[in-house]
Amino acid sequence: MNAKKKVTIRQVLTWGMAAVLAGACAFSTVKLLILGLNVDEEYAVTMGWRIAGGEHMFTELWEPHQTSAFVCAALIRLHTAMAGSMNGMVLFLRCCGMFIGMAVSVYVWRTLRRFSDEATGVLCGLIAFAALPKMTLIPEFSNLLYWGSLCCIMSLLQYQIQLKHDAAGFCVVIGACFMCVCVLAYPSSLIAFVCILFCLHRLYGRDQKYSVPIFITTCIIIGSVYLIYFLAKVAPGGLAYGVRQMMTDGTHSDTALQKLAFYGREVLTWLPILGGLAVGTGIVCVTARRKSLRFACAVLTAGSLLYQIVYWFVGDHPYLMTPMLFYYTAYVTGLIFLVRGMKDRSAKPAEPADAAAANGVFSPERVGLLLGMLPSAAFWLSAMLLTNTGLRPTGAFLIPGVIVSIGIAGGGAAAEGKEGAAPGKTRNALFAVGTLFLLTLMISRCWFVYENHGYKADIFFVKQKALSGTARNIYCRYLDGYDYNTAAELLGQYGSSEESLLVAAPHSLWYTLSPCKVGTYSTISTPVFDHRLTEYWEAFPDRYPDYVIGYAGSEELEAVSKELPLGEVLAEKDGLALYRIDS
């Protein structure tokens, strides 16, 4: 008779934590599916809706993020073909985004468990699923850059895994495809393209010469097909004009000096926090009698994570994405773990059975650094160049690098490097930090709602249901939901497909509630109503508005009144008014 296996306390804690995290994942996903509706999400949906409706990119659209709308546009066409209308489109796109996120997390788990162990692979997959740059599920530009960069990095790591097999070249092709997704999400991702070429050359330039040509060739083929597709529909002069207008969008027109000054002010707000965390880290290290740099970095990151949790609940700042310092401390910690792991491995005698590790070329730490950490930083820089949100929310694009560092250094690839030190101390410290990182993300996903313009709200602040149209069955903040339902009521009484509508408000989703054409060059969530409207109407006379809807007395409506002769009020309810435009 076989003896019963003894269940250890560690196993009980592991299983219990896994159950808690699984429940949190399920709850937070349901919450993200049905709660909250912010203007950034509205912008992404409306942009895809315009393209799906046949509007030409780079000519009729001057949206700064229009190249990212191909996924939403395809899904909107699919939903419209099945449902026959736009009703419930936001919920459908969120469900699609949920499945995309699940597929990405499985890809991360299956890749990183090969570099570590099953538990670490699962942790990395859960972090990949939980992390969303804007806490929205739809496949919009920020999510596409996050998912695309993560899958590109995982594909390159798969190339390392399959290096001695025939499938290695296919992994490079897949990585290049995801690289193209990132470029469409943020064209500035060409920086990451150059970075990846450099990293591939540094790793495989001597022994695997075909990796770089395959990556370049695949990207060129996909990019050429994309350009031919649009050049076939648009005259080169019209394309050049539209691209120029897209690049001069009023909401992304800050100069380099203005951006640097803005980033500098953000860094200044972090300095007191970093000072306090540094003092606390020193106290912990002295108390624990640990002089390891990696241990100190792990403590610092854990402190920044705990500070973030406390700040969310007791801080008086109205924005959810504040201070978000833990993205950067976690990335730097992962970087130090991998670099120190490389030094530890090079200081040890080479193992004859592992020729790759013996010459140091393909050590796990080196692979993680060149194929994970550096590309992740390049993707982050790409987002920084085209964003107007600053360092705090943009730090989420460093998460792929954090995940790679946990999967490799936290999975046992690195060791303390000191004689007599237990090899498990380093990976246990990073695994613990990774678990706390995941818990922090889960608290945000489960409890908070990312409201308009980044405002912080909890799940009990969402009280109004969207009754019809694109956002049907989505529960919003009361005023947003009420205004959406009011706009649907007013717009349902007027307009036809031959007429045009201008929404003098940040809520671009209101365009989808009317049969009218969109009467503006951009439906971005931070609209600017200025002379560029007149330029657009001169280029496209059929887009000159017949109706304008907005909040009576608002700054947006006042700006529009300088460009348009507002006529009579056709309908009005609770401060929201629909105007006829005088001929």
Side-chain angles (χ1 to χ4, degrees), residues 108 111-116 120-121 124 127-128 149-163 171-172 175 179 191-208 211-212 215 292-294 297-298 301 327-348 350 354 356-382 395 397-417 423 426-427 429-431 433-434 437:
V108 171
T111 300
L112 290 180
R113 68 175 181 170
R114 299 287 298 274
F115 286 91
S116 54
T120 305
C124 293
I127 292 175
S149 62
L150 196 51
C151 289
C152 179
I153 290 171
M154 291 302 116
S155 298
L156 297 178
L157 292 177
Q158 284 286 347
Y159 173 68
Q160 166 63 23
I161 294 170
Q162 303 292 337
L163 199 57
C171 295
V172 178
M179 180 72 249
I191 295 173
F193 171 75
V194 175
C195 175
I196 289 173
L197 293 182
F198 168 78
C199 293
L200 286 174
H201 176 73
R202 291 289 297 174
L203 275 174
Y204 310 111
R206 295 179 180 178
D207 301 321
Q208 303 291 334
S211 60
V212 172
F215 194 84
S292 169
L293 177 61
R294 280 172 285 193
C297 288
T301 301
Y327 289 139
Y328 296 92
T329 57
Y331 179 84
V332 172
T333 296
L335 190 66
I336 290 175
F337 267 66
L338 288 178
V339 171
R340 294 299 294 251
M342 286 172 56
K343 292 182 179 180
D344 292 343
R345 187 177 293 274
S346 62
K348 291 181 178 181
D354 191 353
N359 59 33
V361 175
F362 299 121
S363 67
E365 294 85 5
R366 185 177 178 86
V367 170
L369 180 66
L370 290 176
L371 297 186
M373 301 299 286
L374 294 185
S376 180
F379 283 117
W380 167 81
L381 180 60
S382 302
F397 296 109
L398 291 171
I399 291 180
V402 175
I403 290 173
V404 170
S405 67
I406 294 172
I408 294 180
E416 283 291 333
T426 295
R427 64 174 181 268
L430 194 55
F431 187 88
V433 171
F437 192 96

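Reckoned from all heavy atoms, side chains included, excluding hydrogens, waters and symmetry mates.
- In this structure a side-chain-to-backbone donor-acceptor pair under 3.5 Å is present from Ser116 to Gly407.
- One finds the CD1 atom of Ile161 at 5.0 Å from the CZ atom of Arg114 (value rounded to the nearest 0.5 Å).
- Rounding to the nearest 0.5 Å gives a distance of 8.5 Å between CE of Met342 and CG of Leu338.
- Distance check, rounded to the nearest 0.5 Å: OG of Ser405 to CD1 of Ile399 gives 11.0 Å.
- Residues forming a ring-ring contact (aromatic ring centres under 6.0 Å, His included) with Phe397 (at least two apart in sequence, or on another chain): none.
- When all heavy atoms of Leu112 and Met154 are compared, the closest pair comes out as CG-SD, 4.1 Å.
- For the pair Tyr204/Gln160, a side-chain contact is recorded, criterion being any heavy-atom separation below 4.5 Å from C-beta on.
- Residues passing the side-chain contact (heavy atoms from CB on, under 4.5 Å) test with Ile336, sequence neighbours excluded: Leu293, Arg294, Cys297, Val332, Arg340.
- In this structure, Gln158 CD and Leu371 CG are separated by 12.0 Å, a value rounded to the nearest 0.5 Å.
- Residues Thr333 and Val433 have side chains not in contact (no heavy-atom distance under 4.5 Å, counting atoms from C-beta outward).
- Side-chain contact between Leu157 and Val367: present, with at least one pair of heavy atoms (C-beta onward) separated by less than 4.5 Å.
- Partners of Ser376 by side-chain contact (heavy atoms from CB on, under 4.5 Å), not counting sequence neighbours, listed by chain and number: Ile153, Tyr331, Leu398, Pro400.
- Applying side-chain contact (heavy atoms from CB on, under 4.5 Å) to Ile406 and the options Val404, Val402, Ile403, Ile408 leaves one that passes, Val402.
- We find the SG-CG distance between Cys171 and Leu163 to be 10.0 Å, quoted to the nearest 0.5 Å.
- Of the inter-residue distances, the one linking Phe193 atom CZ with Phe198 atom CZ reads 15.0 Å to the nearest 0.5 angstrom.
- Classified by interplanar angle (parallel below 30°, tilted 30° to 60°, perpendicular above 60°), the ring pair Trp380/Tyr328 is perpendicular.
- Ser149 pairs by the side chain to side chain donor-acceptor pair (under 3.5 Å) definition with nothing, not counting sequence neighbours.
- Contact record, Ala192 with Met179: CB-CE, 4.1 Å, taken as the closest heavy-atom pair.
- Listed by chain and number, the residues in a side chain to side chain donor-acceptor pair (under 3.5 Å) with Ser382 amount to none (sequence neighbours excluded).
- For the pair Glu365 and Leu369, the minimum side-chain heavy-atom distance is 4.5 Å or more.
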